[in-house]
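Residue numbers start from 1 in every chain, and the chains themselves are labelled A, B, ... in the order their sequence lines are given, proteins ahead of strands. Not measured: the values here are computed from a predicted model.
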Amino acid sequence: MRPEFVDAVLGIAAMVPTGQVLTYGDVAELLGAGGPRQVGRVMSLYGSEVAWWRIVRADGTLPDGLAERALPHYEEERTPLSALGLSSYRVAMRRARWFPSDSDLARIEVLSRKLSEPAAGMEQ
DNA sequence: ATTCTGACTTGCT
DNA sequence: AAGCAAGCCAGAA
């Protein structure tokens, strides 16, 4: 896992506004590199460094075990949720999904620019 | 090189 | 709503 990719993923995660979320796939798409699973990998390894609960699955759920830990944050941030069962919930993606503004996209572009550079030490 | 696995996603039944 | 397959990209063995 290239450190630039890790930085870029964490960088985007850090930009998500309070009360809003992005999906793993969204992050990969904004970055124009890797895929949802790669983003998941970064979050698994380094997610604790950022507001990890703002990166969720496409259907608004979180991986096993994380939902309980994330709930207090969602309540504090007033993140839109929808009940899924008696003790389960999911983020209401229609309302909670973050759509970066043009200036946000510009900052993201700066982050992703580094990813298009060739890996160090591998040239010809 | 091959295979398995995973904080994933989409489409089809 | 739920289950399944395939696609996906990297790491690890």
Strand DNA chain C in bracket notation, Watson-Crick/G-U under 3.5 Å with | for pairs to another chain: .||||||.|||||
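Applying the salt bridge (Lys or Arg N to Asp or Glu O under 4.0 Å) rule to pairs touching residues 13-22 of chain A yields nothing, sequence neighbours excluded. Residue pairs meeting the salt bridge (Lys or Arg N to Asp or Glu O under 4.0 Å) criterion with at least one partner in residues 63-81 of chain A, sequence neighbours excluded, are A:Arg54-A:Glu77. Residue pairs meeting the salt bridge (Lys or Arg N to Asp or Glu O under 4.0 Å) criterion with at least one partner in residues 8-36 of chain A, sequence neighbours excluded, are A:Asp26-A:Arg97. Residue pairs meeting the salt bridge (Lys or Arg N to Asp or Glu O under 4.0 Å) criterion with at least one partner in residues 30-52 of chain A, sequence neighbours excluded, do not occur; the list is empty.
Following rounding to the nearest Å, A:Asp26 (CG) and B:dT10 (C1') show an atom-to-atom distance of 14 Å. Taking atom CZ of residue A:Arg41 and atom P of nucleotide C:dA10, one finds them 11 Å apart after rounding to whole Å. Rounded to a whole Å, the CE atom of A:Met93 is 14 Å from the P atom of B:dC8.
The CD atom of A:Gln38 sits 11.5 Å away from the CG atom of A:Leu31 when rounded to the nearest 0.5 Å.
DNA chain B is contacted by A:Pro63, A:Leu66 of residues 59-82 of chain A, taking any non-hydrogen atom closer than 4.0 Å. DNA chain C is contacted by no residue of residues 45-55 of chain A, taking any non-hydrogen atom closer than 4.0 Å.
The minimum heavy-atom distance linking A:Pro100 with A:Leu105 is given by the pair CB-CD2, 3.8 Å.
At a threshold of 4.5 Å between non-hydrogen side-chain atoms, the residues A:Leu81 and A:Leu71 count as touching. Side-chain contact check for A:Val9 versus A:Met43: some heavy-atom pair is nearer than 4.5 Å.
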Which is it for A:Trp98 and A:Val21 under the side-chain contact (heavy atoms from CB on, under 4.5 Å) test, yes or no, and what are the steps along the way? CA-CA 6 Å; A:Trp98 178 48; A:Val21 300; over 6 Å; no
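Legend: residues meeting salt bridge (Lys or Arg N to Asp or Glu O under 4.0 Å) with A:Asp104, ordered by chain and number and at least two apart, are A:Arg107. Residues satisfying the side chain to side chain contact (heavy atoms under 4.5 Å, CB included) test with A:Ser103, not counting sequence neighbours, are A:Ser101. Not counting sequence neighbours, the partners of A:Val6 by the side chain to side chain contact (heavy atoms under 4.5 Å, CB included) test are A:Met1, A:Leu10, A:Val42, A:Tyr46. For the side chain to side chain contact (heavy atoms under 4.5 Å, CB included) test, residues two or more places apart in sequence or in another chain that qualify with A:Ala67 are A:Tyr89.
For B:dC8, the OP1/OP2 oxygens have no side-chain nitrogen or oxygen of A:Thr23 closer than 4.0 Å.
Nucleotides B:dA7 and C:dA13 are separated by 22 Å at their C1' atoms, to the nearest Å.
When distances run from any side-chain atom of A:Ala58 to the nucleotides B:dC8, B:dT10, C:dA1, the shortest one goes to B:dT10.
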Would you list the protein and nucleotides 7-9 of chain C atom pairs, both N or O, that sit under 3.5 Å from each other?
from, atom 1, to, atom 2, distance (Å)
C:dC9, O4', A:Gln38, NE2, 3.0
C:dC9, O2, A:Gln38, OE1, 2.3

